[in-house]
Every structure is written in C-alpha cells, then in structure tokens.
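Reading through the structure tokens given below for one structure.
On a predicted model such as this, the values are computed, not experimentally measured, just so you know. All residue numbers refer to positions in the sequence shown, counting from 1.
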Amino acid sequence: MRILFAGTPDVAATCLSTLADSSHEVVGVLTQPDARGKRGKSLVPSPVAVLAQELGIPSFKPADARSAETREWIRESGAEVAAVVAYGQILERPVLESLPGGFFNLHFSLLPALRGAAPVQRAIEQGLQETGLSVFKLDEGLDTGALARQEPHSIAPLATAGELLEDMAEHGARVLVEVMDELGRGTVTLTAQEEEGASYARKLRADEARINPARPAREVAAHIRAFAPNPGAFTSVRGSRLKVLGVGNTEAPEGMSLAPGEFGVTKKHVFLGTATEPLELTLVGPAGKKHMAAADWARGVRLETGERMEEESAA
C-alpha cells in the first residue's frame, strides 16, 4: 500500500523505519515544524524529519495541520492510507477524510484505558504490571476510534517510562505493519470501543515532578520511573536540584533505618527513606551535569548517611 506517515519523536521514527523496510511504500511524511534545540540557538528537525530525509521520503511540516495547504499536500502525496504515531497535532475531520483509507493511529495503551497524551507514564505511575498497544482508526474524538488491533505488553518491574516506550515502539511498529498488511488485503475488522473502563492519561506536568518521600516506597519508585527521563522526578540536596532517574531493588543494609527524605549511603549504593522501607536510587542528574550513577554522585559530593532532602529547590 502507499502510506502517508505522520509522527514526530523518536518512538515515531522507530515505526517509520519499520514501515519503510516493509513491503509497503511510504510516499510522504507529516511531522511537526523544526523546533529550538536545548540551547535555543538554532532550529532542529524532529527525529522523524531527519529519518525521512535520510530515506529520501518527501516531508511536510505544517504549523497548523488543519490548513487547506496541509490537506492539499496529503492528497497530492498519492497515499491510500495514513499511519500515525505521536504526531503532536489534532487531526480534524477534513484531514481525516482526505485519504480513501483513513488514518490509523498507534496508541500505547489498551484502549479505552489511558486515552490521552501520556499513557505509558501514567501506566507506570499507577503501578500497573501490564499495559498494551492499540491501533485504531482516527475519528474526531480523543483516542475514541474503532479498534483494528490490540496486543498486551508487560511492564518490567524497574522499567522507566523512556525504556518502556522504546520497547513498546518496536513492538508497536511490527503491529502497525501487520495492520497495514491487513488493510491491503481488505481483511481488517474494526470494532467499536467500549466506554466502560475508559480513563484519561493527562500529560505530565512539571509541578507533579517533585518527589514526596512521605509516600510508600513502591509509590515513590513508580513516580520516579514514570517521570524518567523527561521531565525527571526531582528533589533538592544542599540547595541544588537533583533529578532522580532510576531506582533499584537492592535492600538497605541490616540496621539502616531511614526517616522519609533521609539518605543512606554505602560504598556502592544510595538509599532514600520513605514511609515504608528505604528505596535504592540508581541514576541521578545533578544540576548542570550529565546523568550519573547515584553512588558516583554521592561519593563526589561526599554525601553522608543522615543528610536529608530539602523541601524547596534553589532559585
């Protein structure tokens, strides 16, 4: 089939790569406009735009996907159907009706659960052990379209949102190709979503990211994993912000009793006191520095057992 691909971040690029290697022809790519880089000095193309250029696939980067120009570009691409993965703009009815086969979206949850912008992060935050993938035909609702395929996907006990999303993107890419195969054969069966069990996975907010050690260890761990790598759960130590980007399952040494927010330090491990047992911290991001092992950070700053997190970060 001739496919238009719409997507923007790394996970979408993974899917584009798999589609491009399949028997289908990706005839065009719709992606977000170039954005300011981390240093803000120059515009940087999206991962999907970079890959499209490498593959020699024409791309279009409209600031407003609702525009007549966008619809015209889509129609002129010659695509029969569109595959959508984390595009980043709402596609309204005139766009959705611009291709004969419609637009099929890969979503990282078992719909109708966790509709919205952050299904992977919220699944981890909720302590789920399993989530899944859904490919559905886009309509004007928020992730409400008829389902073409669903598959479960387990959540590893210590996986961060970034790690889980990367793993799910590879799984989802294969599923997306299979759905495109079925569309080409005319064998796809669409099933309307049930509203029972519907939930919403809102986008992560920066004001949610602060670590609360007064919660049980399992909840603190889930919070840290859900916010890693972006925006990163954080606390403050000695007046500086510290992101915490990974947790482990090492038990604290016998006799180490930590109050919530209190650090425990050994030669190879760093622990944080919670409302229940101490939680091992494995990866941190000190302000202005690269991510590093928590034990290396603790040695570098000479952190001592008994030091505590601070309630407010430095200005």
Take a 6.0 Å sphere around [atom1] of [X] and say whether it holds more than 12 heavy atoms from other residues, nucleotides or ligands.
X	atom1	answer
Arg185	CZ	yes
Gln150	CD	yes
Glu130	CD	yes
Glu208	CD	yes
Leu142	CG	yes
Arg66	CZ	no

Write down the atom of [X], the atom of [Y], and the distance for their closest heavy-atom approach.
X	Y	result
Ala86	Val11	CB-CG2, 4.4 Å
Met180	Leu19	CG-CD2, 4.1 Å
Thr235	Met309	OG1-CE, 2.8 Å
Phe263	Leu258	O-CD2, 3.7 Å
Lys243	Pro231	NZ-O, 2.9 Å
Thr31	Ser46	OG1-OG, 2.8 Å

Do [X] and [Y] land in one hydrophobic cluster if side-chain heavy atoms of ILVMFWY residues count as linked below 4.5 Å?
X	Y	result
Val135	Leu4	no
Phe271	Phe234	no
Val48	Leu55	yes
Val265	Leu281	yes
Leu96	Val84	yes

Find out whether [X] and [Y] are in side-chain contact, i.e. whether some heavy atom of one side chain is under 4.5 Å from a heavy atom of the other.
X	Y	result
Thr250	Lys268	no
Leu190	Phe104	yes
Phe103	Ile74	yes
Leu30	Phe5	no
Met256	His269	no
Pro286	Met292	yes
Cys15	Leu106	yes
His153	Phe108	no

Whether [X] side chain and [Y] backbone form a donor-acceptor pair below 3.5 Å:
X	Y	result
Thr18	Arg174	no
Ser134	Leu111	yes
Glu92	Glu140	no
Thr70	Asp64	yes
Arg202	Gly116	no
Arg308	Pro260	yes
Ser236	Gly239	no
His223	Ala209	yes
Glu80	Arg2	yes
Gln193	Gly145	yes

If you round to the nearest 0.5 Å, how far is [atom2] of [Y] from [atom1] of [X]?
X	Y	atom1	atom2	answer
Leu16	Asp21	CG	CG	9.5 Å
Glu304	Arg302	CD	CZ	9.5 Å
Glu166	Thr14	CD	OG1	7.0 Å
Thr282	Asn249	OG1	CG	9.5 Å
Ile57	Leu51	CD1	CG	7.0 Å
Met168	Glu151	CE	CD	10.5 Å

Item checked: Lys/Arg N to Asp/Glu carboxylate O, Glu307 vs Arg238, below 4.0 Å -> yes
Notebook entry, point to check: Under 4.0 Å between a Lys/Arg side-chain N and an Asp/Glu carboxylate O for Glu72 and Arg75?
Noted result: no
Check: Please walk me through it: do Leu279 and Ile224 pass side-chain contact (heavy atoms from CB on, under 4.5 Å)?
Finding: CA-CA 11 Å; Leu279 174 66; Ile224 291 169; 4.2 Å; yes
Next item on the list: Given side-chain contact (heavy atoms from CB on, under 4.5 Å), test Arg122 with Tyr200 step by step and report yes or no.
Entry: CA-CA 9 Å; Arg122 298 302 182 185; Tyr200 179 62; over 6 Å; no
Check: Could you go step by step and tell me if Ser22 and Asp181 meet the side-chain contact (heavy atoms from CB on, under 4.5 Å) rule?
Finding: CA-CA 9 Å; Ser22 73; Asp181 291 342; 5.8 Å; no
Next item on the list: Check the pair Leu43, Arg36 against side-chain contact (heavy atoms from CB on, under 4.5 Å), reporting the backbone distance first and the verdict last.
Entry: CA-CA 5 Å; Leu43 293 175; Arg36 295 287 177 188; 4.0 Å; yes
